[in-house]
Asks: 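My questions all concern the structure below.
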Amino acid sequence: MRRRKFLKLTGLSTGAVLTGGSGFLISLSGCKKEHHLGLMTKPVLVNEGKFSNLLTFNAQAGVNQTLTAQATTANIMGALIPVLGYQPNSLLGPTFRVKNGNAVNVLLQNNLQEHTNIHWHGLKIPALMDGHPDQLANAGGTFRYQFTVNQRAGLSWYHPHPHENTGKQVFKGLAGLFIINDAEEAALNLPSGQFEIPLMIQDKRISDSGITYNPSMEEVMSGYMGESILVNGVSSPFTEVETRFYRLRILNASNARIYNLAFSNNSDMIILGNDGGLLKNPVTVKDILIGPGERLDILINFSGLVIGTELFLFSKEFTNGGAAQGKQTFKIMKFKVTTTVTDMFSVPANLSSINTIPASTALRTRLFDISNAMEHHGYAMNDGMTMRHRINGKLFDGNRLDESVTANTNEIWVFDNSKGDEPHPMHLHGVFFQVLERNGGRGSKIASENGWKDTVLLMPGETVRVLVPFENNTGKFVFHCHNLEHEDDGMMLQYQLN
Ligand code: C2O
Ligand code: CU
Ligand code: CU
């Protein structure tokens, strides 16, 4: 039974028992937990601001750092509103910038009224430090994270991961960046200092009473989106630039919104890296999709532009994003050229050495059905199963281990959204993987999917195969859809590495 058949039913009140087109009984009682795939999901249109707010950057964190999750206020769009943050008077948390090999010691002080924790998204650290949903700091309590960074340079991030509350806590402001540097990256002499700009892109729904998070059933289906785009916590910002290369370190920290990034002057974007650090070679594109949880390391060249030129990073309309995504072109931030300089930088032809792992080394293949299209899978809608976001028909259960993996083996994991009608950015904790192929939908790997990834976007109709080298970081980890409403709805499983 496909979504379209349900559209005519969406006016009915919850609690009703419907007889669908195929005669299945569908219980709609208990709205939040028993929504169904037939509900009409609509795009949330972006209100572009005036691009008159100066882009700012979060404070720098130290390797010994306290992060205090708290209700605080922040000035957004000219008004002081209630938000969540990891420091007083601001959205978001400080940015870590560490060297490979550094020891990190973070005390999470939980001053919220509910439990929280921190997941270090993109860090290969021990399972007990990873922010698994069962490792929580209770309200008023603490959790100490101690680990040694042992991986190549790249842009990672951190955010809460308490099951069923991740979406709310991230949306209201809990997230931060974690940048790792190493010698290989330093040798490239990429633009640095003020010429290396972290851009944490998020959409928020903002009212006088704060950042609103109250997803309807439809918004659990599509994911929760906001009408205001913030970069580093600043709405519709601008920054001044010189006529030279800049390195943009981009994170899509939105709950559900996908961006198709491009520049308004149709400038080339040179992709240097992604979730897991540098690519082997730079790739030049005009636009690039970035799903929730994904990162991009991009060079942009402003040389040759006349002083006074204003250009925008924007999100271009895109197709195949399901009913709610890609329907609008909107601006994200403004760059204003203010200074002419001579730039001697030239883009390195080789960035890093990446060993491509042959698919033939995989010991086994695991298949994960993420389509959530019930008619195709014999899911028993007529014996009480309600419509939720599942993986292989299963909802998250912290007491159940779903996959058992042997340490130091390679596996192929296949995410199958071929029958699905929603995008799903799939994320694995504890590992990086290589994308082997995509079938259906866009039909192939995209430019930012070489090298190492920890999150891969599946548009409706797509099946993606990834090669995962599991090393010896044993323990229990989760993997899930990084659309945070889908994740909180249960689209998350656990693997145990032994
Ligand atoms: Cu950024 Cu389990 O997620
Ligand atoms: Cu993660
Ligand atoms: Cu999803």
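Counting starts at 1 for both ligands and their atoms, in listed order. Excluded from the calculations below are hydrogen atoms, water molecules and symmetry mates; all remaining heavy atoms, backbone and side chain alike, are included.
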Asks: At atom 2 (Cu) of ligand 1, what angle lies between atom NE2 of H429 and atom NE2 of H161, rounded to 10 degrees?
Replies: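 With atom 2 (Cu) of ligand 1 as the vertex, NE2 (H429) and NE2 (H161) sit 100° apart.
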Asks: Could you walk me through whether H429 and H161 pass side chain to side chain contact (heavy atoms under 4.5 Å, CB included), step by step?
Replies: CA-CA 12 Å; H429 285 211; H161 220 294; 3.2 Å; yes
Asks: Tell me the angle that NE2 of H159 and ND1 of H121 form around atom 1 (Cu) of ligand 1, rounded to 10°.
Replies: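 Taking atom 1 (Cu) of ligand 1 as the apex, the two atoms subtend 130°.
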Asks: With respect to the Cu ion (ligand 2), please indicate if H121 possesses an N, O or S atom at a distance under 2.8 Å.
Replies: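 For H121, the answer is no, given that no N, O or S atom comes within less than 2.8 Å of the Cu ion (ligand 2).
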Asks: If you look at H482, which of its N/O/S atoms is nearest to atom 1 (Cu) of ligand 1?
Replies: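 Atom name returned: NE2.
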Asks: Hey, which of Y86, W157, W120 is the one that makes ring pair (Phe, Tyr, Trp, His ring centres under 6.0 Å) with F96?
Replies: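 It is W120; the other options fail the test.
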Asks: Is there an N/O/S atom in H161 that lies less than 2.8 Å from the Cu ion (ligand 2)?
Replies: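 No, H161 does not qualify, because none of its backbone or side-chain N, O or S atoms lies under 2.8 Å.
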Asks: Apply the side-chain contact (heavy atoms from CB on, under 4.5 Å) test between H480 and each candidate in E487, H163, M426, H389; give the one that qualifies.
Replies: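 Among E487, H163, M426, H389, the one meeting side-chain contact (heavy atoms from CB on, under 4.5 Å) with H480 is E487.
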Asks: Between N110 (side chain) and E114 (backbone), is there a donor-acceptor pair under 3.5 Å?
Replies: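 Between the backbone of E114 and the side chain of N110 there is a qualifying donor-acceptor contact (under 3.5 Å).
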Asks: What heavy-atom pair brings P160 and T166 nearest, and what distance separates the two atoms?
Replies: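 For P160 and T166, the tightest heavy-atom pair comes out as O-CG2, 3.3 Å.
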